[in-house]
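Remarks on the structure that follows.
Residue numbers count from 1 along this sequence. Because the structure is predicted, anything quoted here is derived from the model rather than measured.
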Amino acid sequence: MILEIADIRIHPGQAAEFEKAAQHGLDAVLSKSKGFRRYEVRHSIESPDRYVLLIHWDTLEDHTVGFRASPAHAEWRAIVGPFFAQPPFVEHFSLSAASS
């Protein structure tokens, strides 16, 4: 399983609206993508305009090829993109260790 981490900065004062839009986009669009497993949205305590989106995919290609090359990606960006103060920084991680 692959973990996608997206570091998102939104325009100031739009936290409630962004959270509502992100929830809708994740549930209605992204979660229906091949290889999608689950997500978490984390809101920074110290930086109120910063979020981290954690998405678990079966494979790297499920995200980088399957989702990003699909019409669903444009639909997702149309829902949440207007809130972005800058393009999100995205990286992918494999599991090295975990607690039981």
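Of the inter-residue distances, the one linking Ser70 atom OG with Trp76 atom CH2 reads 12.5 Å to the nearest 0.5 angstrom. Taken to the nearest 0.5 Å, the CE atom of Met1 stands 11.0 Å off from the CG atom of Asp62. One distance of note links CD of Glu19 with NE2 of His24; it measures 15.5 Å at 0.5 Å rounding. Atoms CZ and CD, on Arg68 and Glu61 in that order, are 12.0 Å from each other to the nearest 0.5 Å. Distance CZ/Phe18 to CG/Asp49: 11.0 Å, rounded to 0.5 Å. Atom-to-atom distance recorded for Ile55:CD1 and Ser33:OG is 9.0 Å, nearest 0.5 angstrom.
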* Verdict with supporting geometry, Phe83 and Ile8, side-chain contact (heavy atoms from CB on, under 4.5 Å) -> CA-CA 9 Å; Phe83 296 96; Ile8 300 170; over 6 Å; no
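Residues Ala15 and Tyr51 come closest through the heavy atom pair CB-OH, 3.3 Å. Heavy-atom minimum distance, Pro82 versus Ala78: CD-O, 3.5 Å. Annotation for Arg50 and His43: closest pair O-CD2, 3.3 Å, computed over non-hydrogen atoms. A pairwise comparison of heavy atoms in Leu95 and Ala97 identifies CD1-O, 3.2 Å as the closest pair. Looking at every heavy atom in both residues, Lys32 comes nearest to Asp27 through NZ-O, 3.3 Å.
Taking the side chain as every heavy atom from C-beta outward, Glu40 and Arg38 approach each other to under 4.5 Å. Between Glu4 and Val90 the shortest side-chain heavy-atom distance falls below 4.5 Å.
Between the side chain of Ser47 and the backbone N or O of Ser44 there is no donor-acceptor pair closer than 3.5 Å. Formation of a donor-acceptor pair under 3.5 Å by the His11 side chain with backbone atoms of Phe84 is found in this model.
Aromatic ring pairs are classed by plane angle as parallel below 30°, tilted from 30° to 60° and perpendicular above 60°; the pair Trp57 and Phe67 is tilted.
Side-chain heavy-atom separations under 4.5 angstrom define the hydrophobic clusters, and the remaining members of the one that includes Phe93 are Leu3, Ile5, Val52, Leu54.
With hydrogens and angles left out, the side-chain atoms of Gln23 and Tyr39 include a donor and acceptor closer than 3.5 Å.
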